[in-house]
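Notes follow once the structure below has been shown.
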Amino acid sequence: YAAKAQTQTVVWYSDAQEASRLSHLSLLSDLRSAVQNSELQMWLQPKVKLADMQTYGFEALVRWQHPQRGFISPAEFVPFAERTGYISTVTMWMIERALQSLQLWQAQGLNLSIAVNVSTNDLRDESFPDRVRALMQRYDVSPANLRLELTESGIMEDPSSAIPLLQKLRELGIGLSIDDFGTGHSSLAYLQKLPVTELKIDRSFVINIDQLPSTQRLVKTIVEMGHGLQLSVIAEGIETAAERDTLRELGCDSMQGYFASKPLHGESLQKWLDQILLNARQT
Ligand code: C2E
Ligand code: MG
Ligand code: MG
Ligand code: MG
């Protein structure tokens, strides 16, 4: 009977379900060793001032180069890492990589920021601010050059526990940005209480904005509200000059997107940094 019960249990899974379950199990053990095996990479996408198109910082985006499966996109493995509780290791690894780069740049006379994406799971972990502080103590970096991006939906899931945590991070001097703004049902009452420094307008409002007067009116309202709360306002995912021009007219402070640059790494990043140093020497 036991044997029969076992076979019956097995047929509960379809072949496809079983395959996907197994591949997720092996993906988890792979993710555990990814950091040690240097399979994770930090790519940096420039954040650019709309007034003069100068780079003032970067957003850090994680990349996983898996030895067998090849490139695995963060859209695929970040939600998986969140479900399996491994995301905090990824977050801390990214923060440390950011601090290493910032320390190096500071020594070269480059005053730029790096913003690391933080998961909703990190926001629920009370030890997160202390772990960030401990890491920062090991690097000689101006705290304001480290930024964290937190999604609006992540904050609004449980604002009363997220707010004190954000407060502790702000006390470390770190900049805080609300990511994917406009998609997360913010309560205006909470928005006023959030100790953040930047508001990042989601890409869904940016696509074809030059042709969409009603979206322009909405974004103008968001920009004015952000400025009213003394936040700087950035738009993400700008791909065309027309989108860029429209956002500039609407009063947006800065931009990020393929129009300025795709995320950079290695040689392409070095070229971008060299150009910044060159511009700085010429002026
Ligand atoms: P996000 O934080 O909103 O990041 C912006 C995403 O849009 C990035 O995708 C970026 O490469 C992409 N992007 C930038 N400019 C453009 C553009 O002009 N057009 C288009 N179509 N896309 C653009 P990516 O790197 O695949 O990351 C996707 C999401 O994965 C991120 O969204 C973020 O939520 C998450 N993510 C990435 N890295 C990390 C990380 O280190 N930790 C955590 N927790 N999440 C991360
Ligand atoms: Mg982000
Ligand atoms: Mg975003
Ligand atoms: Mg987005």
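Both counts, for ligands and for their atoms, begin at 1 and track the order of listing.
- In Ser73, neither the side chain nor the backbone holds a heavy atom less than 4.0 Å from any atom of ligand 1.
- Near the Mg ion (ligand 2), less than 2.8 Å away, sit the protein N, O or S atoms Glu59 OE2, Asn117 OD1, Glu149 OE1, Asp179 OD2.
- Within the 4.5 Å cutoff, the side chain of Gln45 has heavy atoms near those of the Leu61 side chain.
- From Gln216, atom CD reaches atom OG1 of Thr221 across 11.5 Å, with rounding to the nearest 0.5 Å.
- For the pair Ala60 and ligand 1, the shortest N or O to N or O distance does not fall below 3.5 Å.
- Ligand 1 lies out of reach of Gln256, whose nearest heavy atom is not under 4.0 Å from it.
- Numbered from 1 in the order shown, with element, the atoms of ligand 1 that lie under 4.0 Å from a heavy atom of Met94 read 41 (O).
- Between Glu59 and Lys200 there is a salt bridge, since at least one side-chain N of the basic residue sits less than 4.0 Å from a carboxylate O of the acidic one.
- Those atoms of ligand 1 with a heavy atom of Gln45 less than 4.0 angstrom away are 14 (C), 15 (N).
- Among Ile207, Leu61, Asn121, Val90, the residue whose heavy atom sits closest to atom 31 (C) of ligand 1 is Leu61.
- In this structure, a donor-acceptor pair under 3.5 Å is present between the side chains of Gln100 and Arg97.
- Considering backbone and side-chain atoms together, Tyr258 places an N or O closer than 3.5 Å to an N or O of ligand 1.
- Taking CE of Met92 as the start and CG of Leu135 as the end, the distance is 5.0 Å to the nearest 0.5 Å.
- Close N/O approach between Asp179 and ligand 1 is found [any backbone or side-chain N/O within under 3.5 Å].
- At least one heavy atom of Ile238 lies less than 4.0 angstrom from ligand 1.
- Within ligand 1, the atoms closer than 4.0 Å to a non-hydrogen atom of Pro263 are 11 (O), numbered from 1 in the order shown.
- For Arg203, every heavy-atom contact with ligand 1 shorter than 4.0 Å involves the side chain, none the backbone.
- Residues Met225 and Phe181 form a side-chain contact, since some pair of their non-hydrogen atoms from C-beta on lies under 4.5 Å apart.
- Side-chain contact annotation: Ser261 with Trp272, donor-acceptor N/O pair under 3.5 Å absent.
- Shortest non-hydrogen contact noted between Leu112 and Asn145 is O-CG, 3.2 Å.
- Contacts between Arg63 and ligand 1, counted as non-hydrogen atom pairs separated by less than 4.0 Å, involve the side chain only.
- Put simply, the side chain of Arg124 reaches to within 4.5 Å of the side chain of Asn121, judged on heavy atoms.
- Using a 4.0 Å cut-off between heavy atoms, Asp180 contacts ligand 1 through its side chain alone, with no backbone atom that close.
- A salt bridge does not link Asp274 to Lys271: none of the charged side-chain nitrogens sits closer than 4.0 Å to a carboxylate oxygen.
- Between Phe58 and Trp105, the distance from one ring center to the other falls under 6.0 angstrom.
- The backbone N or O of Gly184 lies less than 3.5 Å from a partner atom in the side chain of Glu152, making a donor-acceptor pair.
- Taking every non-hydrogen atom of Glu236 and a distance limit under 4.0 Å, the qualifying atoms of ligand 1 come out as 3 (O).
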**OP:** Run the numbers on Arg131 and Asp125 for salt bridge (charged side-chain N to carboxylate O under 4.0 Å, His left out), then give the verdict.
**Re:** CA-CA 10 Å; Arg131 285 186 288 122; Asp125 180 349; 2.7 Å; yes
